[in-house]
Amino acid sequence: MELRPDRPILIGGVLKDYDWGVVDGLAAWTGQRDGRRQAELWFGAHASSPSPLAGDHSGLITDVLAPEDVPLLVKLLAAETPLSLQVHPDRATAIAMASEPGSRGLLADENEKTEMLVALAPSTVLVGWRPPVQAARLLGCAGVSPEVLAALDSGDSALAAALLLGSEAMSRTLEQWHSALTECGLDEVTVIAMSAVARRFGEDPGVAVATLLDARRLSPGEAVYLPAGVPHAYVHGMGAEVMTSSDNVLRLGLTHKTVSVEHALEAMRRDRTGTLLSVPGDGRYSVPGAPFEIVSVGHEPVEFEGGRYRLVLPVSGSAAADTGTDVATAPQGLALALTSRTPTVRITASGQALVAVALAQDQV
């Protein structure tokens, strides 16, 4: 079938083998079992890793579509160990930082990065600020300074983070963190999450900052939505991640990559928080104000209007897109990209597919 922006386009993913990934963790989609850590599989048109065309066509999605035709980036993610403690900038912040000489090289683009993770297996995440009194209890057990505790008493978790990574520069061994977690009598999810973080990054000051974040456990089908500006870290698990087409990450710690505390703190938005979503009865993951939604599709057909970008990702089995004149099928491991010029389409799946839908500006 001829490739045209008004027809479904079959694309492959771009595999990322970051060190926090799971050995052969995405093999069900990549078909590769070579003993390497498979962390992410990208489907989109971001300049750093545009998807290859699949089926009977060679080349890249950007050979057919302009970047503005593909406003979403969709990933499969498998994490065995914690990812970096990070913040994504909103668009205004990204543009401002791009013009600052000291910020060059920190950002991959000038776009806002807002994301949602749908768990495909049990997953643990650190999202948004933990109630300061709980964070103070844990940091008190770990021997933090009165200055940090005073910041938490005032409710200023961002200031506490800056102190822990600045003048405090708090480092503790794995044994010290284990002792603090044992003494504080915290909930099981927090103990599991913080134990994993401390085991991986025991003397990194970022471990102390991780204690400021709320630990949550996601069962398969549950999700977390993260607007730009919300600090977070994924601890472990597997999921499908949808985001605006950006790869901007500002890191506070828990990584061997570049850490930029000043810029990450600047990108934080204290008036925003993450949103946890239970398994939706109608299959629709939707958050007011979000620039996209995700819809889970099975054997029963679901109709998606034209006029917006849609990415169909088979999670299990295959997925089919029927426009009335064209029918395209994607097996597990590939995806279907439908631009705003592709008309209304009926999607079905032999197993389960997730459909990421970009929302028009007047719907956000």
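Just so it is clear, the values below take in all heavy atoms, side chains as well, and ignore hydrogens, waters and symmetry mates. Residues take their numbers from the sequence shown, with the count starting at 1.
A single hydrophobic cluster is not seen to contain both Leu77 and Val87; linkage of ILVMFWY side chains at heavy-atom distances under 4.5 Å, directly or through other members, places them apart. Residues Leu60 and Leu10 do not share a hydrophobic cluster, clusters being chains of Ile/Leu/Val/Met/Phe/Trp/Tyr side chains in contact below 4.5 Å. No continuous path of ILVMFWY side-chain contacts below 4.5 Å connects Val230 to Val242, so the two sit in separate hydrophobic clusters. There is a path of hydrophobic side-chain contacts, each under 4.5 Å, that joins Val259 to Leu163. Cluster membership check: Val191 shares its hydrophobic cluster with Val207, using side-chain heavy-atom separations under 4.5 Å among Ile, Leu, Val, Met, Phe, Trp and Tyr.
Under the 4.5 Å side-chain criterion, counting only non-hydrogen atoms from C-beta, Thr93 is in contact with Met97. By the 4.5 Å heavy-atom criterion applied to side chains, Leu313 and Phe43 are counted as neighbours. Here the side chains of Leu76 and Leu120 are in contact, with some heavy-atom distance below 4.5 Å. Residues Tyr225 and Thr114 form a side-chain contact, since some pair of their non-hydrogen atoms from C-beta on lies under 4.5 Å apart. Using a 4.5 Å heavy-atom cutoff, the side chains of Arg91 and Ile95 are in contact. When side chains are defined from C-beta on, Pro89 counts as touching Leu107, because their heavy atoms get closer than 4.5 Å. When side chains are defined from C-beta on, Gln38 counts as touching Gln32, because their heavy atoms get closer than 4.5 Å. Inter-residue side-chain proximity for Tyr285 and Val118 is flagged as met; some heavy-atom pair is nearer than 4.5 Å.
Ser245 and Lys113 share no side-chain donor-acceptor pair at under 3.5 Å. Under 3.5 Å, the side chains of Glu175 and Ser179 contain no donor-acceptor pair of N or O atoms. No side-chain donor-acceptor contact under 3.5 Å links Ser340 and Arg308. Between Asn248 and Asn111, the side chains place no donor N or O within less than 3.5 Å of an acceptor N or O (distance only, hydrogens not considered). Residues Ser145 and Glu147 bring no donor and acceptor atom of their side chains to less than 3.5 Å of each other. Looking at Ser157 and Arg270, their side chains never bring a donor and an acceptor atom within 3.5 Å of each other. When only modelled atom types and interatomic distance are considered, Gln332 and Ser318 share no side-chain donor-acceptor pair under 3.5 Å. Side chain to side chain, Thr339 and Asp69 fail the donor-acceptor criterion of an N or O pair below 3.5 Å. Using modelled atom types, one finds no donor on one side chain facing an acceptor on the other under 3.5 Å when comparing Glu203 with Thr173.
Within 6.0 Å of atom CD in Glu300, 12 or fewer heavy atoms from other residues, nucleotides or ligands are found, so the atom counts as exposed in its surroundings. Around atom CZ of Arg346, no more than 12 heavy atoms belonging to other residues, nucleotides or ligands sit under 6.0 Å away. Summarising the local packing, CD of Glu305 is surrounded by 12 or fewer heavy atoms from other residues, nucleotides or ligands at distances under 6.0 Å. In Glu262, the CD atom is not crowded: 12 or fewer heavy atoms of neighbouring residues, nucleotides or ligands sit closer than 6.0 Å.
The aromatic rings of His46 and Trp42 lie perpendicular to each other, with more than 60° between the two planes, well past the 30° mark.
Partner of Val312 under the side-chain contact (heavy atoms from CB on, under 4.5 Å) criterion, chosen from Leu336, Thr329, Val295, Val297: Leu336.
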Notebook entry, point to check: Which is it for Asp271 and Arg269 under the salt bridge (charged side-chain N to carboxylate O under 4.0 Å, His left out) test, yes or no, and what are the steps along the way?
Noted result: CA-CA 5 Å; Asp271 59 337; Arg269 295 293 173 263; 5.8 Å; no
Margin query: Working note: His236 + Tyr234, criterion ring pair (Phe, Tyr, Trp, His ring centres under 6.0 Å); need CA distance, chi angles, decisive distance, verdict.
Written below: CA-CA 6 Å; His236 80 273; Tyr234 297 144; over 10 Å; no
Item checked: Criterion salt bridge (charged side-chain N to carboxylate O under 4.0 Å, His left out) on Asp19 and Arg200, from CA distance to verdict -> CA-CA 12 Å; Asp19 61 1; Arg200 174 74 168 166; 3.5 Å; yes
Item checked: Intermediate values then yes/no, salt bridge (charged side-chain N to carboxylate O under 4.0 Å, His left out), Arg7 and Asp326 -> CA-CA 7 Å; Arg7 288 177 170 174; Asp326 295 311; 3.3 Å; yes
Next item on the list: Quick one: do Asp17 and Arg36 satisfy salt bridge (charged side-chain N to carboxylate O under 4.0 Å, His left out)? Show the steps, please.
Entry: CA-CA 7 Å; Asp17 56 354; Arg36 291 193 302 164; 3.3 Å; yes
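Sorted by first and then second residue, the side-chain hydrogen bond (donor to acceptor under 3.5 Å, both in side chains) pairs with a member in residues 273-282 form an empty list; sequence neighbours excluded.
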